[in-house]
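Shown next, in structure tokens, is the structure this report addresses.
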There are 2 protein chains.
Amino acid sequence: MQYTISDVAKRAGVSTATVSKVINDKMYVSSRTKEKVLKIMNELNYTPNVSASNLAKKVTKNILYADRFYKGIPFKNPHMFDIICGAEDELSRRGYHLTLLNLDKDTKKIEQILEDTMTSKSADGMILNGALVTPRIERIMLNFDFPQICIGKPNFDTILSWIDINNSLSANMAVEHLLNLGCRKLAFMGGQSGDEIFIDRLRGFQIALQKNDIIVQEEFITYNEPDIDVIYNSAMQLLQSPNRPDGIICTNSLMAVGTMRAIKSMKLTMPDDIALVAFDDYPYTPLISPKPTVIEIDVFSLGVHAVSHLMRKIKDPATIIQTYTALPRLIKRETS
Amino acid sequence: MQYTISDVAKRAGVSTATVSKVINDKMYVSSRTKEKVLKIMNELNYTPNVSASNLAKKVTKNILYADRFYKGIPFKNPHMFDIICGAEDELSRRGYHLTLLNLDKDTKKIEQILEDTMTSKSADGMILNGALVTPRIERIMLNFDFPQICIGKPNFDTILSWIDINNSLSANMAVEHLLNLGCRKLAFMGGQSGDEIFIDRLRGFQIALQKNDIIVQEEFITYNEPDIDVIYNSAMQLLQSPNRPDGIICTNSLMAVGTMRAIKSMKLTMPDDIALVAFDDYPYTPLISPKPTVIEIDVFSLGVHAVSHLMRKIKDPATIIQTYTALPRLIKRETS
DNA sequence: CTGAAAGCGCTTACAG
DNA sequence: CTGAAAGCGCTTACAG
């Protein structure tokens with residue numbers, strides 16, 4: 001049997017209005033009646049029904065995390081779920097819930113899903129994968145005047161709010177590290193040209209080199225498919241060139257595996273012959289030796305920050321947030 | 001501006017009761033008025049306010065997924081999030097939402113979190129990590145009579161509902177496969193004795209061998225820490241013994257990497273000298289060659305099934321579900 | 001400081 | 001088939 005606010009009111013000999021005030025810790029209730037009410041609430045083990053409270057307050061205390069949650073994606077992209085964990089953490093601290101909104105439905109288009117959920121008023125705001133946002137979706141979001149923040153800058157000019165990793169800055173960090181070690185011929189083991197994260201990191205790489213008056217050698221920048229053999233061969237070519245690099249940055253952990261395999265097969269040693277820095281510990285670092293120096297990015301915190309910004313926006317809907325949150329950390333290990 | 005049910009009623013010239021009936025597709029409303037109402041709803045782009053509807057219906061259309069969502073867990077245990085994706089998929093198909101309930105709070109104990117959320121009536125049911133369930137938590141759940149299902153059988157006798165992977169059956173599948181290939185001396189590269197998944201798989205291994213009248217050789221069962229060098233050495237010992245196994249089952253993908261490294265360094269070939277089957281493609285299979293034969297387990301479906309059972313339990317709270325859902329699939333590749 | 005009353009936006013017997 | 005009215009369990013001006 002569940003008690004309601006009127007059960008409490010009755011037993012405490014006060015009105016439901018007064019009980020409501022102590023529940024919500026409003027001022028203007030005498031400490032005597034407050035205590036009395038609290039005592040009854042305790043005895044009855046009473047907790048307010050949040051649905052009723054939310055309806056009356058016209059809030060939901062609920063935030064949506066909108067992305068594509070299809071089968072297997074946690075294996076492909078665990079980062080996304082670490083962001084979600086960060087968002088959940090910060091939301092629950094603020095008395096909010098995080099519910100998942102799957103934009104990957106064969107029956108409905110993304111636009112339709114978003115419109116329906118916004119009109120149904122089932123959440124106070126939304127965290128949205130920026131990569132999924134189109135100008136058309138931007139318009140829908142603005143029409144509804146629904147508090148939102150994108151994870152990842154949309155790939156067009158927008159007045160939506162977003163928060164993103166500063167990949168360029170992270171690459172800069174890797175470059176500075178290698179330059180400090182005395183490296184002067186830096187190579188970049190990159191992904192494919194459609195991979196925005198890689199492209200940002202590459203840009204950071206290039207800018208950092210220019211800033212240090214080092215010429216960017218085009219042949220030292222490689223574009224690789226995510227296949228271990230392709231990467232290996234690509235690295236071999238780099239290492240066999242008469243003008244061999246003395247420092248290599250790998251855009252992810254798979255690149256690091258392939259590249260280090262090549263370095264070892266050339267009987268070169270790290271960091272003496274060649275220093276190496278990789279992005280992302282995950283998922284292959286446990287497998288490789290020597291342990292690679294790595295730039296780690298705290299995506300959990302990205303989720304936390306996204307929520308903080310979204311909350312500001314809920315309070316003041318006019319706010320626009322567009323910000324890079326860097327949070328890279330260099331973990332120096334055995335390859336540099 | 002958001003329209004309400006009375007706006008619709010007014011413009012359609014009917015009562016809100018009637019509008020409610022067409023929203024909920026109740027019978028006993030003439031097709032003429034139904035059409036009229038639908039037309040207005042469409043014109044106004046009206047969607048019912050779910051909070052209000054839920055309050056009146058005394059439901060929330062919300063299911064909690066309760067587990068520990070701390071920083072970094074998606075990297076350690078992406079399976080958990082694939083289960084979540086499966087649950088979300090099935091829930092949204094049924095008009096429910098999935099919200100995360102983090103049991104990993106330093107300010108509150110698990111018991112307290114569960115009690116508070118259940119009394120607050122913010123969900124109609126709960127999916128709960130069975131590994132976290134204690135007899136004390138069992139009592140709380142039963143007290144509240146709250147529809148629940150555990151993912152993973154709790155490690156004590158319980159009348160809570162649970163659904164689990166049939167690890168034992170999966171191991172059986174691996175054994176049968178190797179026996180069919182003619183192997184007779186099977187080894188098992190296992191994890192640590194506290195790892196329940198491994199223990200279940202080991203049991204399946206042993207039972208399958210006994211069923212086939214093959215003696216289980218104790219020295220062929222190894223217990224290994226999750227460290228690549230430890231695994232390698234353990235496998236080497238197995239391979240160097242005078243009585244070398246002709247088939248090996250690896251309890252996970254890390255075991256497969258270490259074991260295959262040992263096999264290769266012994267200049268043995270797969271599957272001719274030795275056949276190998278591993279559990280889990282993830283995360284290391286992309287790195288290894290030859291491509292390992294693997295028993296894959298569909299955890300996304302586990303989430304889907306958990307939801308189906310939970311829904312039955314919501315309809316009929318007396319239902320108790322305790323079931324193994326196997327869903328293993330053998331993917332034959334180059335090592336067997 | 002306290003309470004009566006209206007309201008949040010729906011649904012549900014019930015009467016017609 | 002349709003609608004008036006009470007109800008879901010809270011909150012919020014407002015009057016006292």
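Hydrogens, waters and symmetry mates are skipped; everything else that's a heavy atom, side chains included, is used.
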Evaluate whether atom CG of A:Asp316 has more than 12 neighbouring non-hydrogen atoms of other residues, nucleotides or ligands under 6.0 angstrom away.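 Atom CG in A:Asp316 is crowded, with more than 12 foreign heavy atoms closer than 6.0 Å.
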Within a reach of under 6.0 Å around NZ of A:Lys121, are more than 12 heavy atoms found that belong to other residues, nucleotides or ligands?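 It does not: A:Lys121 NZ has 12 such atoms or fewer within range.
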Between A:Thr18 and B:Thr16, just flag the one whose closest nucleotide in DNA chain D comes earlier from the 5' side.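 The answer here is B:Thr16.
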Between B:Ala17 and A:Ile23, just flag the one whose closest nucleotide in DNA chain D comes earlier from the 5' side.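 It is B:Ala17, whose closest nucleotide lies nearer the 5' terminus.
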In what stems does DNA chain D take part, counting only runs of at least 3 consecutive Watson-Crick or G-U pairs whose two distances fall under 3.5 Å?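 DNA chain D stems, ordered by first number: C:1-3 with D:14-16, C:5-12 with D:5-12, C:14-16 with D:1-3.
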Filter on salt bridge (charged side-chain N to carboxylate O under 4.0 Å, His left out), then keep only pairs touching residues 51-68 of chain B, sequence neighbours left out; what's left?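 Listed by first then second residue: B:Arg68-B:Asp104.
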At the 4.0 Å heavy-atom cut-off to chain A, mark where contacts on DNA chain D begin and end, going 5' to 3'.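 So the contact region on DNA chain D extends D:dG9 to D:dT12.
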Salt bridge (Lys or Arg N to Asp or Glu O under 4.0 Å) partners for B:Lys108, two or more places apart: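 Salt bridge (Lys or Arg N to Asp or Glu O under 4.0 Å) list for B:Lys108, sorted by chain: B:Asp116.
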Electrostatic pair A:Glu90-A:Arg94, nearest N-O below 4.0 angstrom: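 Result for this pair is yes, salt bridge flagged.
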Going by an N to O cut-off under 4.0 Å, is there a salt bridge joining B:Lys34 and B:Asp25?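 Yes, B:Lys34 and B:Asp25 are salt-bridged.
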Interface with DNA chain D, restricted to residues 44-63 of chain B and to heavy atoms under 4.0 Å: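 Hits under 4.0 Å, by residue number: B:Leu55, B:Ala56, B:Lys58.
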Indicate, with a heavy-atom threshold strictly under 4.0 Å, whether A:Val19 touches base, sugar-phosphate, or nothing.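 No contact.
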Nearest non-hydrogen partners of A:Phe144 and A:Thr119, listed with the distance: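 It is CE2-CG2, 3.0 Å.
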If I compare all heavy atoms of B:Pro48 with all of B:Ile23, which pair ends up nearest, and what's the gap?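 Of all heavy-atom pairs spanning B:Pro48 and B:Ile23, the closest is CG-CG2, 3.7 Å.
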Comparing B:Asn24 and A:Lys34 on DNA chain C - which has the more 5′ nearest nucleotide: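 Its nearest nucleotide being more 5', the pick is A:Lys34.
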Run the side chain to side chain contact (heavy atoms under 4.5 Å, CB included) test against B:Glu196 and tell me which residues pass, sequence neighbours left out.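 Once residues adjacent in sequence are excluded, the partners of B:Glu196 under the side chain to side chain contact (heavy atoms under 4.5 Å, CB included) criterion are B:Asn155.
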Can you find a pair of side-chain heavy atoms, one from B:Ile83 and one from B:Tyr65, that are under 4.5 Å apart?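 The answer is yes; the side chains approach within 4.5 Å.
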